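The structure appears right after this line, and notes come after that.
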Amino acid sequence: TPIQNDLLEYFSLI
Amino acid sequence: MFEARLAQSAILKKVLEAVKDLLTEATFECSDSGIQVQAMDNAHVSLVSLNLRSDGFDKYRCDRNLSMGMNIGTMTKILRCASSEDTVTLRAVDSPDNIIFIFESQNKEKLAEYEMKLINMDLEHLGIPETMYSCVVKMPSQEFARICRDLSQFGEAITIACSKEGIKFSAAGDYGNANVKLAQTADSDKEEEAVLIDMQEPVKLTFACRYLNSFVKATPLCAQVKLSMSSDVPLVCEYQIGEIGHIRYYLAPKIDD
């Protein structure tokens with residue numbers, strides 16, 4: 001089963 | 001002084017309905033150029049990016065940049081007190097503790113004011129890199145909502161596969177599986193009914209139904225939705241908001257363990 005990835009894996013906090 | 005007026009509250013009512021499932025609180029950043037909201041859901045899986053341009057308002061004044069933390073649930077309740085045809089005005093002083101919503105009926109015989117306390121919030125901004133997407137699909141927003149709803153009955157996730165031939169949505173679960181294919185419309189007379197695919201390379205991505213079904217709450221805002229996808233990056237699901245702006249939802253994909 002695929003697992004849910006976190007948005008912070010792609011975007012960084014600025 | 002901050003003051004923003006819309007001739008009809010309907011747009012703002014629809015915007016609130018489109019974000020209330022995902023956000024409990026959000027910071028509304030107001031400047032000369034307009035109102036912007038960027039907020040993630042609590043699980044950090046999706047992000048809402050709302051942009052309302054100042055020139056889209058009937059009246060707009062923002063003397064100093066303001067960041068106003070608002071409770072989305074309370075704001076939704078207040079907007080539900082307005083009739084769709086009412087004029088709505090948002091008003092705040094320069095360093096506000098409160099924001100005032102003023103609803104005025106078309107015949108100007110009813111004037112209602114609702115004051116909402118603002119909340120202190122840490123402003124967390126995400127840097128979203130400029131991305132050239134492999135597939136950009138424009139399709140009727142009602143069709144997208146329908147497909148998300150229908151396929152959600154079969155599983156917790158929807159796989160979206162886009163190629164030159166069309167876009168395929170599929171879901172699989174314990175009870176069976178389902179898929180819906182949409183071909184690019186050849187020559188749709190009505191722009192609103194068109195399915196348009198701009199493909200550089202095919203993509204196949206899987207997303208949680210739960211979030212997609214929250215995004216489609218924006219359907220009343222626009223007849224068309226734009227889906228932008230590339231392998232292994234978040235989906236962008238965008239709805240135009242009349243002549244005033246847009247709402248974009250970003251959703252991290254599900255990945256194979």
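These numbers were taken from a predicted model, which means no experiment stands behind them. Labels below follow one simple rule: chain letters A, B, ... track the order of the sequence lines, proteins then strands, and each chain is numbered from 1.
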Heavy-atom side-chain proximity of A:P2 to B:F207 below 4.5 angstrom: no

B:K20 atom NZ: more than 12 heavy-atom contacts under 6.0 Å: yes

Keeping the roles fixed (side chain from A:E9, backbone from B:A252), state whether a donor-acceptor pair exists under 3.5 Å. no

Closest heavy-atom pair and its distance - A:L8, B:M40: CD2-CE, 3.9 Å

With a 4.5 angstrom heavy-atom cut-off, is it the side chain or the backbone of B:D232 that approaches chain A, or both, or neither? both

A:Q4 CD to B:R210 CZ distance, which is reported to the nearest 0.5 Å: 9.0 Å

Taking everything shown except B:E17 itself, do over 12 heavy atoms lie less than 6.0 Å from its CD? yes

When rounded to the nearest 0.5 angstrom, what is the spacing between OH in A:Y10 and CG in B:L251? 9.5 Å

Using a 6.0 Å cut-off, check whether atom CG of B:D63 has over 12 heavy atoms from anything other than its own residue. yes

If you count heavy atoms of other groups shown closer than 6.0 angstrom to CG of B:D55, is the number above 12? yes

Establish, yes or no, whether a centroid distance under 6.0 Å links the rings of B:Y250 and A:F11. yes

What heavy-atom pair brings B:I255 and A:N5 nearest, and what distance separates the two atoms? CD1-ND2, 3.5 Å

Could you check B:L126 against A:L13 for side-chain contact (heavy atoms from CB on, under 4.5 Å), going step by step and ending with a plain yes or no? CA-CA 4 Å; B:L126 284 185; A:L13 283 167; 3.5 Å; yes

Write down the atom of B:V45, the atom of A:L7, and the distance for their closest heavy-atom approach. O-CD1, 3.6 Å

Count the heavy atoms belonging to other residues, nucleotides or ligands that lie under 6.0 Å from CD of B:E25, then report whether that count exceeds 12. yes

